[in-house]
Amino acid sequence: MASSSSSSNPRNKKHDVFLSFSGEDTRDNFTSHLYSALCQKGIETFIDDQLNQGDEISQSLLDTIEASSISIIIFSEKYASSGWCLDELSKILDCRKVYAQIAIPVFYRVDPSHVRKQIGSFGVSFSELEEKFPERMQRWRSALTEAANLSGFDSLVIRNESELIKKVVNDILEKLPKVVPCDSKNELVGVESRVEEIESLLGAAPLLGIWGIGGIGKTTIARVIFNRISRNFEGSCFLENVREESQKPGGLASLQQKLLSEVLKDVNVIPHIDLNFRRLSRRKVLIVLDDVTCFNQIESLVGSLDRLLPESRILITTRNKQVIRNCHVNQIYEMKGFGDDHALELFNRHAFRQNLVDVDYKELSDKVINYAQGVPLALKILGCYLFERKREVWENAIKKLKNFLHQNILDVLKISYDGLDNDEKNIFLDVACFFKGEDVYLAKKFLEASGFYPEIGISILVDKSLIAINPYNKITMHDLLQELGREIVRQESTNPGNRTRLWHHEDIYEVLAYNRGTEAIEGMCLDMSKVKEIHLNSDTFTKMRKLRFLKFYSSIHKGENKCKVSNFQSPVFAEIRYLHWHGYPLKSLPSNIDPEKLVLLEMPRSNIEELWSGNQHYGKLKRKIIAACNTITKSPNPSLIPHLNKLVSLKLSGCKSLKSLPAEMFHLEFLKELDLLGCSKLKRLPEMSSAVNIEEVILNGTAIEELPSSIDCISGLSILDVQNCKKLKSLPSNLCKLTCLRALILNGCSKLQRLPDELGNLEALGYLHAEGTGIREVPSSIVRLNNVRKLDFKGTKGLSLPMTLSLSGALRGLWCLDLTDCGITELPENLGMLSSLINLYLDKNNFERIPESIIQLSTLLYFRLSHCERLQSLPELPCSLLELDAHHCTALESLSGLFLRDEPYRPCIDLSDNYKMDQNVTRGILQDALQKFKHMATERWKRVEEKVCLWLSLVSSSFNLFIKC
């Protein structure tokens, strides 16, 4: 063939396919059709578009062959008449051996055997070169024979030429991904596993959405996937920056023109013509719509998604999850930040231009990684920002980042914020400044009281990846997004007193200490442990007429109040919704708080003497009232209770003078949590006359003598904690009607002597803690507690157990049974029926034997029976054991044997201080156990040797096969 038309060095340009052919008889027919089909599939194909000139092949063409991944050799009748073609063939086969290049022969109207043996008309053409190139003939013969023996395509078998071309192209598409290295593997970090996961999802879902915050790498991943699989489709298009482009005049029409022309391969396509969408619906297409912000954009660009072929695939990247939902997308893939390893690698590539970190900058690099929180965009920007800068510059830059978000990062993240309405922006800013990590219900109530619409607002922020709600219903937010919100507030004014929200201790100190507050301030959150003492003026807050949020707290345990004040002037706190003041210095609340607006009031470690004074109209206290102070003497005024109709959580822990609660307190519609921990003078709870919605009752350390018989009215009760109620003597039988009760905590109730007979009716009970109680007998109904995970009777002296676990599958969910120091004299014979037991603690008891059924406990890992001084023998134990502690069992004389796990480690066995045991017997048992261990180790090693031998055999066979090929 003639020299290459390309003037550039072919080593610098990687080709997918190189076509070797005889121009004389295939250039204008089969070869041109094959070349066109390959190009339509996006396969970069090299073809010589000039006629052969001379017999010597050029070096540039040899370089091009070497720089190609696959070579297609089109053997035709005239192929062997060209020394040029035969030199190409020789080079292709050399590359196959040296670089594992793929060579595919296509026998076009010529018999493969004629090529292999150089006979027939093909052989005649070849023999004509003998006189001209005698020294090359043998090398060419070997090359022809070798190539003809390769797997390929025969036009005499596949006679339909279009079908033949289709098969060749499909074969190339199948082989290319295996031999063409993905560019992203070298240039990008952490993409491979994500790409594989998304490709797997795309295999089953024709429509897939990639969702995440700005800068998280959605576009990058989508581009890698597009490049990898687009060749498998009849048409493909990657529409980048749909949001930005659609905002330009005629933007959507321009995008539609681009999409249709690329997918339909028609540059003259006219947008908005229904015919085009019908043409689109008849092709197997791949379309990526990048950075979509609304469903209308998708409809305008591709029409109805339902009309596309099932084999087509649509990939959408967006910051807004609702966009994907509106498309009825089959799958949503959430993009998350890098882990530390990938984050460090990406940062290093930009900060040091290498994968490894400079040792001198390791500590500083870790700080940047922690700051970026896995966001690729931030890692790149900060890496470039710090590249080749001195260490002291790094230190100063990192210090600056703590207070100011880098402008380039801000610009990208702020796109999502700019797409919010004013209501949503205020919600975002409140969360960023005050509510990250807080309970979402509390935040919603505060936001609602502030005049916003939090249900839809928070939902939109979640959909746009600006916040998230974790499984514990806490609001979470990426650190960079929190910094975005705070930077937006900082940009409101250079003077902190003129900003809407304050959270930095230095800014707040300046405003409070120098009385610089203004009407602009709506919220203030101060960690008092970070400032020195502030003496507030009586009118410090007078100018802050819009103050909705005030939180003075201490991040250190038992921290002191640093905000000193003697009194308040009106109209302080008229707009306050949230008031938390650690160590509040006054004896009464500010009289001018508007209770109709108040949502939360927290006064931990305060000096308040009375929770409420008189019958004031505290009508809309909606969330939580905490008075964790020892000086409170009065319970809530009963006439006030009906006004607390939205109260959710009442915490009066530590109110040591509190003696009673009004019955009305239990009938608040939304009250879920009642915490009376440490109310040591509280002797009784009121009876309840109707259904109660409380889910958690904490009575720890109270003087309660009995629980109300009407406790079954609290039908949704999940946790009942009465530990350390030293005067509690009994539990009402109606307690067993609480079918939602998950945890019953009785520890330290030393006067409690019995459990209700129908305890087994507590079908949801998962944990029963009765450590150190006076209980003497466990009711037989306990075997019906099939959901219980832990039973703890530790230190309950004189306990008697049911002697039979009569039900099949009794206590089938029990993981842990603790009967330590209970004085038990006899164990149930069918102990082995506790089929899920993992931990069994029987230390310090008085039984003489262990039931033989214990060997049936196949999941038992930890078995302790130390200081069982009457125990005389041990039966065979389950082989699952990891730990056996039987030390100081002074009457123990015999063991039936120790079973070992089939694992590469031995269980921990403690038989020390067992004075009556024959040491020879003990030694024999332990030696027997050791022999069993050695035997298992030997067997394990044999299996390893067998696997190694098998592996070597396979390697050897593969090597021999490679040599033969």
Side-chain angles (χ1 to χ4, degrees), residues 1 3-21 23 26-27 30-50 57-58 60-75 85 88-89 91-106 108 147 150-153 162 164-188 191-192 195 199 223-238 262-263 265 284-286 288:
M1 293 183 67
S3 61
S4 170
S5 61
S6 173
S7 60
S8 62
N9 183 351
R11 291 181 186 272
N12 297 330
K13 186 174 182 181
K14 185 73 176 177
H15 298 284
D16 294 330
V17 171
F18 177 88
L19 290 179
S20 176
F21 62 97
T26 68
R27 177 185 297 278
F30 180 79
T31 298
S32 65
H33 297 156
L34 176 60
Y35 175 74
S36 176
L38 290 168
C39 291
Q40 285 182 6
K41 290 296 184 180
I43 300 172
E44 188 178 334
T45 305
F46 181 88
I47 183 173
D48 230 336
D49 56 5
Q50 297 183 10
I57 187 170
S58 68
S60 63
L61 195 58
L62 293 174
D63 291 341
T64 301
I65 295 171
E66 194 170 303
S68 300
S69 299
I70 298 175
S71 289
I72 299 177
I73 310 156
I74 303 172
F75 287 120
C85 287
E88 282 184 355
L89 177 62
K91 180 64 176 178
I92 289 169
L93 295 177
D94 287 343
C95 290
R96 181 175 177 271
K97 294 173 183 175
V98 177
Y99 305 117
Q101 187 183 101
I102 294 176
I104 302 173
V106 177
Y108 183 69
L150 297 176
S151 176
F153 298 89
S162 64
L164 174 61
I165 288 173
K166 184 177 180 180
K167 285 184 176 294
V168 173
V169 171
N170 288 340
D171 188 53
I172 298 296
L173 287 172
E174 185 178 337
K175 288 182 168 63
L176 265 178
K178 301 173 184 177
V179 295
V180 178
C182 178
D183 293 339
S184 63
K185 286 185 178 179
N186 293 323
E187 297 177 5
L188 302 176
V191 301
E192 198 60 31
V195 168
E199 281 186 336
R223 174 62 75 180
V224 172
I225 292 169
F226 180 83
N227 292 340
R228 184 175 290 193
I229 69 174
S230 59
R231 291 165 173 157
N232 300 325
F233 296 84
E234 295 173 334
S236 60
C237 179
F238 191 106
E262 289 188 14
V263 172
K265 297 179 171 51
K284 177 186 175 183
V285 299
L286 171 65
V288 177

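These numbers come from a predicted model, not from an experiment.
When all heavy atoms of L61 and F18 are compared, the pair lying nearest together is CD1-CE1, 3.8 Å. In terms of heavy atoms, Y99 sits closest to E66 at OH-OE2, 3.3 Å. Here the closest heavy-atom approach between residue S69 and residue L176 is recorded as CB-CD2, 4.4 Å. The nearest pair of heavy atoms linking C85 to S20 is O-OG, 4.4 Å. Among all heavy-atom pairs drawn from I65 and C95, the shortest one is CG2-SG, 4.3 Å. When all heavy atoms of E88 and F21 are compared, the closest pair comes out as OE1-N, 4.3 Å.
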Inset, instruction - I would like to know whether L286 and V263 meet side-chain contact (heavy atoms from CB on, under 4.5 Å); could you show each step before the answer? - result: CA-CA 8 Å; L286 171 65; V263 172; over 6 Å; no
Legend entry - Residue pair D16, I172: steps toward the side-chain contact (heavy atoms from CB on, under 4.5 Å) verdict: CA-CA 9 Å; D16 294 330; I172 298 296; over 6 Å; no
Inset, instruction - Decide yes or no on side-chain contact (heavy atoms from CB on, under 4.5 Å) for I73 and L89, but give the supporting numbers first. - result: CA-CA 7 Å; I73 310 156; L89 177 62; 3.6 Å; yes
Inset, instruction - Report the C-alpha separation of N170 and L173 in whole Å, then their side-chain angles, then the decisive distance to 0.1 Å, and conclude whether the side-chain contact (heavy atoms from CB on, under 4.5 Å) test is met. - result: CA-CA 5 Å; N170 288 340; L173 287 172; 4.2 Å; yes
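Atoms OG and NZ, on S68 and K91 in that order, are 11.0 Å from each other to the nearest 0.5 Å. Between atom OG1 of residue T31 and atom CD1 of residue I165 there is a gap of 9.0 Å, rounded to the nearest 0.5 Å. Distance check: Y35 OH to F30 CZ gives 15.5 Å after rounding to the nearest 0.5 Å. In this structure, S162 OG and K167 NZ are separated by 11.0 Å, a value rounded to the nearest 0.5 Å. Between the CD1 atom in I47 and the CG atom in L38 there is a gap of 9.5 Å [rounded to 0.5 Å]. Note that CD1 of I72 is 10.0 Å distant from CD1 of I92, once rounded to the nearest 0.5 Å.
Side-chain atoms of K284 come within 3.5 Å of backbone N or O of N232 as a donor-acceptor pair. T45 contributes a side-chain N or O that, together with a main-chain N or O of I43, makes up a donor-acceptor pair within less than 3.5 Å. In this structure, S36 contributes its side chain and S32 its backbone to no donor-acceptor pair below 3.5 Å.
Annotation: K166, atom NZ; neighbour count of heavy atoms from other residues, nucleotides and ligands within 6.0 Å does not exceed 12.
For F238, the ring pair (Phe, Tyr, Trp, His ring centres under 6.0 Å) partners are F226, not counting sequence neighbours.
For the side-chain hydrogen bond (donor to acceptor under 3.5 Å, both in side chains) test with S71, the passing option among R96, Q101, H15 is Q101; the others fail.
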